Amino acid sequence: MTVPFMEENDQTQARREHLEALRTLVGNVYPNKFERSNVTDTPAGEDTITSIVAAFKQYEPKVAEGERPVAEALEFANGELNKIRVRVGGRLAAPPRVMGKAAFVHLSDGVSRLQIYVRRQDVVGLSNDAEGGEVNGWELFGLLDHGDFIGVEGYLFVTKTGELSVHVEKLQFLAKALLPMPDKMHGINDPEIRQRQRYADLIAGSLKLERDENDLTPREVFTLRSNVIREIRRFLDERGYVEVETPMLTPLATGAAARPFKTHHNTLDIDLFARIAPELYLKRLVVGGFEKVYELNRNFRNEGISTKHNPEFTMLEFYMAYADVNQMMDLHEEMMRSVVKVATGSTLVPYDTFDWDSEMQSVRERHQIDFGSPFQRLKMTEAVFNYWDQYWSKRPSELNGELFEVPWLSDPFKVVALQKFVIDIDSSVDQVMRDDQSADPAEVFDSLKDSTWQTALSQTFSTQPTAIASAESLVWLFEHIAEPHLIQPTFIIDFPKPVSPLSKASPSDPSVAERFEYFVGGLESANGFSELNDPEEQYQRFKDQVQQRERGDEEAMVMDEDYIRALSYGMPPAAGIGVGIDRLVMLLANKSSIRDVILFPHMRPERKKEDDETAGH
RNA sequence: GGGCCGAUAGCUCAGUCGGUAGAGCAACUGGCUUUUAACCAGUGGGUCGCAGGUUCGAGUCCUGCUCGGCUCACCA
């Protein structure tokens, strides 16, 4: 009998033959349970490989690299260890090293490894039939393959080389690995296999003999992720926040600028959307009296897939009544510091970025991200101005300072013109460089900048830019010029109001929203603001959004009448924030792809072999 | 969707100018009763991603396709 979808080769064939021989020997080859001993301190009272190693590793005699412990040290350790009997289950972490009438092999529980020693004359096999009984243990051992699960019972000892081991006296077969295990030195390198078959990735990571100290194993990445989420909940719970769950399937997709997934409810016969953000539901709860409320769960956006985007991603949103955007930034800063410290053990986190040099080779640059110092706070216009020189340093150039003075960035007309200028001169310089590769980019830039700027100004003048266009141009300039440089934790404040339809205006400047985005590692990682609670103004902002949508902006928001009704009952002043958890984990795990921190990232479905015959027609 | 790169044994990878498909690990057989990436001797394993083309001859050259990676556009 064969399993569907499994490729057959000499290795699977051998494993299958071993399985049939085991069936003859022990009966049931997939027994229902294995009772473990309880000599170590574990939450569930069952010894694991990790708990045994943690409890008894200390008995290994300490010797210098490459040397063997002296006889007295071994004798002392074994005097203590031989009294301890354990019963523990695990996966064979390597092919057994058989030496005639005895063998060594390591067992793994996914985290740790523990060596077992099996001697022909000492080992008894256990039958898995209902009536139990004993079988030939050495024969049973001979039928095991790399990756099989077994249970062992025996006493602890240290070998001549000083390694903690179990001297096995009883051996029980627990489950078969029909597929061969990954290479013990290299693991799995193909990212496609690692992501599609995360189980294989996890196994390979736990069985790999050598590890790169700069690189977390998959198991460690996802444990880190779990720790981050636990600490966020603890941090908020401790401060009186209530965790809630609001609808994932909603009649309107709103609360953010994004395209939604659409589905259908049969009984109600209505279309529903997978939520793009829980924001408006959470603020309804603030109206209803939850002064501190949070939700930590998935959002869905029907957009492109990339190293920074997965169609479903995990977001934390929380709201605090009676607070404004500044208090929210303070709280977020405190939370980040706490989460980073708990998850990584330090407030200094190494993070690598990758850039391309002139020969198109990937160059790694290592940063130390400092969560301990106060986070930088920069106005959006300041950020554009600050990083303007670094943007153009890609092709080194003496910039004409007066052309790009910062006050221009608050002039809506010139902001639009500046965006045009950047786009045009980028492509003009590229054009010239393609035709004449020996040209000096800085000289090309200087020769073109005045005429390009004049063209941009006159074209902008003829199009009569709106407030929205100006706001979008500023954001564009910010994203292209400043964002990649925001490696250290930074709050960008003073967003243009037209791109912030749910946030309150600043009391000092009505064209500016009291909103921030939080950047770290060059990635946007959180977004918060003083929540707009005036129902009449919110109604007007929705109407502006609807107009934009009618002009073809698929990501503009829709009118949410019930939300206006909710605000009309009165919402206290409040600040809110959304935090991208996947990106936070990417940063702490030092991973440049979101797919490395999501267990099962979305990918195009695998095609079956037989379909290939029709491919290409 | 555009551009660049990749796909060869179960895994990690070589494969020169177009001339019989290779290595290490893994597997199989035999030996070895405290090994450490165990060792020693031997054996088997391939639709070179898929389809077509050029050629006396294609893993290698050309075209199309599939899947993946990076990148640009869109976004968080």
Side-chain angles (χ1 to χ4, degrees), chain A residues 6-15 17-18 66 68 74 78 94-106 113 115-122 138 145-147 157-163 165 167 177-196 200 204 207-210 256-259 276-277 299 301-311 313-315 354-356 360 362 479 483 517-519 523-527 554-555 578-583 592-595 603-617:
Chain A
M6 200 185 99
E7 285 183 30
E8 292 291 334
N9 55 46
D10 61 325
Q11 311 214 26
T12 60
Q13 195 53 45
R15 285 163 183 267
E17 284 165 11
H18 291 162
R68 292 193 166 202
L74 292 176
N78 283 326
R97 289 194 298 275
V98 182
M99 302 166 298
K101 299 182 178 66
F104 286 97
V105 68
H106 283 89
R113 307 151 61 84
Q115 180 166 264
I116 63 169
Y117 175 59
V118 179
R119 196 154 65 164
R120 179 177 179 171
Q121 69 198 48
D122 297 339
W138 188 244
D145 289 302
H146 181 194
F157 75 110
V158 289
T159 62
K160 277 180 184 168
T161 56
E163 181 170 349
S165 308
H167 192 123
L178 287 173
L179 288 168
M181 294 293 112
D183 186 282
K184 65 187 172 187
M185 293 308 290
H186 305 94
I188 299 174
N189 283 359
D190 183 345
E192 182 174 353
I193 299 177
R194 294 185 58 166
Q195 290 158 20
R196 283 193 200 282
L207 302 189
K208 213 169 153 180
L209 288 180
E210 278 183 0
R259 291 183 357 228
I276 56 175
N299 289 343
R301 298 189 186 174
N302 207 341
E303 314 266 3
I305 296 180
S306 78
T307 44
K308 300 176 178 63
H309 302 86
N310 195 57
F313 62 103
T314 301
M315 178 109 131
F354 295 88
D355 216 334
W356 300 93
M360 290 304 282
S362 174
E479 285 173 354
E483 190 174 315
E517 281 185 351
Y518 164 72
F519 290 85
L523 267 182
E524 183 196 338
S525 185
N527 176 15
E554 282 186 67
E555 289 170 357
V579 183
I581 300 301
D582 309 276
R583 289 181 176 183
S592 56
S593 171
I594 201 169
R595 286 185 281 265
M603 298 175 82
R604 195 170 267 112
E606 273 182 284
R607 286 160 53 94
K608 294 209 190 80
K609 274 254 166 72
E610 50 266 34
D611 294 344
D612 287 339
E613 316 221 340
T614 54
H617 295 294

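Letters A, B, ... mirror the listed sequences (proteins, then strands); counts begin at 1. Keep in mind that what you see is a predicted model, and the values were worked out from it rather than measured.
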Return a single string for nucleotides 2-8 of chain B, one symbol per nucleotide in 5' to 3' order, where B is base contact, S is sugar-phosphate-only contact and - is none, cutoff 4.0 angstrom on heavy atoms.
-------
Just the rounded figure in Å: distance from P of rG10(B) to CZ of Arg15(A).
13 Å
So, does Arg604(A) get its side chain near the phosphate of rC67(B), meaning an N or O under 4.0 Å from OP1 or OP2?
yes
Taking CG from Leu209(A) and P from rU12(B), how many angstroms apart are they, rounded to a whole number?
16 Å
Side chain of Lys184(A) only, please: which of rA26(B), rU35(B), rC11(B) is the nearest?
rA26(B)
Does the side chain of Arg68(A) get closer than 4.0 angstrom to OP1 or OP2 of rU35(B) through an N or O atom?
yes
Using Watson-Crick or G-U wobble geometry with both distances below 3.5 Å, tell me the partner of rG44(B), or none.
none
Which nucleotide, rU12(B), rU33(B), rC70(B), lies nearest any side-chain atom of Tyr117(A)?
rU33(B)
Ignoring hydrogens and angles, answer whether the base of rU34(B) and the side-chain atoms of Glu163(A) contain a donor-acceptor pair closer than 3.5 Å.
no
Send over the distance from Arg196(A) CZ to rU66(B) C1', rounded to a whole Å.
11 Å
Pairing partner of rU60(B) (Watson-Crick or G-U wobble, both distances under 3.5 Å):
none
Taking the nucleotide of RNA chain B with the closest heavy atom to each, which residue, Ala258(A) or Thr307(A), is nearer the 5' end?
Thr307(A)
On a whole-Å scale, what distance lies between the P atoms belonging to rC50(B) and rA7(B)?
13 Å
Across every strand shown, the nucleotide meeting Watson-Crick or G-U wobble geometry with rU66(B) (both distances under 3.5 Å) is rA7(B)
Is Arg301(A) touching bases, backbone alone, or none of the nucleic acid, heavy atoms closer than 4.0 Å?
base
Looking at every strand, decide which applies to Arg595(A) at a 4.0 Å heavy-atom threshold: base, sugar-phosphate, or nothing.
sugar-phosphate
The side chain of Met603(A) is closest to which nucleotide in this list: rA76(B), rU33(B), rG69(B)?
rG69(B)
Considering every strand and a 4.0 Å limit on heavy-atom distances, what is the contact class for Gln121(A): base, sugar-phosphate, or nothing?
base
For Asp190(A) and rG68(B), what is the distance between atoms CG and C1' respectively, to the nearest whole Å?
7 Å
Got a donor-acceptor contact below 3.5 angstrom from the Ser525(A) side chain to the Leu523(A) backbone?
no
Taking atom C1' in both rA26(B) and rA38(B), compute the distance separating them and give it to the nearest angstrom.
15 Å
Remember a base hit wins even if backbone is also touched, and classify Asn310(A) as base, sugar-phosphate or nothing at under 4.0 Å, heavy atoms.
base
Separation between the C1' atoms of rG45(B) and rU29(B), rounded to whole Å:
15 Å
Expressed in whole Å, how much space separates the C1' atoms belonging to rG19(B) and rG59(B)?
13 Å
With a 3.5 angstrom cut-off on both distances, give the Watson-Crick or G-U wobble partner of rG1(B), or none if there isn't one.
rC72(B)
Can you check whether Asn189(A) has a side-chain N or O nearer than 4.0 Å to OP1 or OP2 of rC13(B)?
yes
Close side-chain approach of Lys101(A) and Gln121(A), heavy atoms under 4.5 Å:
no
Identify whether any heavy atom of Ala94(A) sits under 4.0 Å from a base atom; if not, whether one sits that close to sugar-phosphate; answer base, sugar-phosphate or nothing.
nothing
Taking ring pair (Phe, Tyr, Trp, His ring centres under 6.0 Å) as the definition, give me every residue that meets it alongside Phe519(A), ordered by chain and number, with sequence neighbours left out.
Phe478(A)
When you get a sec, tell me which of rC32(B), rG68(B), rA76(B) is the closest nucleotide to the side chain of Ile594(A)?
rA76(B)
Roughly how far apart, to the nearest Å, are rG6(B) and rU63(B) at atom P?
14 Å
Report, as a single string ordered 5' to 3', how protein heavy atoms within less than 4.0 Å touch nucleotides 41-46 of chain B: B base, S sugar-phosphate only, - not at all.
---B--
Rounded P spacing from rC11(B) to rG46(B) in Å:
14 Å
Arg604(A) and Arg196(A): which non-hydrogen atoms are nearest, and at how many Å?
O-NH1, 2.7 Å
Give one of base, sugar-phosphate or nothing for Asp582(A), where a contact means two heavy atoms less than 4.0 Å apart.
nothing
If you go through the side-chain atoms of Asp183(A), does one of them form a donor-acceptor pair with the base of rG24(B) closer than 3.5 Å?
yes
N or O in side chain of Arg97(A) less than 4.0 angstrom from rA26(B) OP1/OP2
no
Would you mind reporting whether Asp145(A) and Gln11(A) have side-chain heavy atoms less than 4.5 Å apart?
no
Among rU35(B), rC28(B), rA76(B), which nucleotide sits nearest the side chain of Glu524(A)?
rA76(B)
Counting heavy atoms from C-beta on, name the nucleotide in rA76(B), rU12(B), rU35(B) closest to the side chain of Phe104(A).
rU35(B)
Out of rC74(B), rU35(B), rC11(B), which has the shortest distance to the side chain of Ile193(A)?
rC11(B)
Between rA27(B) (C1') and Leu178(A) (CG): distance, integer Å:
15 Å
Distance check: side-chain N/O of Ser525(A) vs OP1/OP2 of rA76(B), anything under 4.0 Å?
no
For rG57(B) versus rU20(B), give the span between their P atoms, rounded off to a whole number of Å.
15 Å
What is the nucleic acid contact for Gly578(A), judged by heavy atoms within less than 4.0 Å: base, sugar-phosphate only, or nothing?
nothing
Distance check: side-chain N/O of His167(A) vs OP1/OP2 of rU34(B), anything under 4.0 Å?
no
Shortest side-chain distance from Val98(A), nucleotide among rU35(B), rU12(B), rC32(B)
rC32(B)
Rounded to whole angstrom, note down the P distance from rU60(B) over to rU54(B).
15 Å
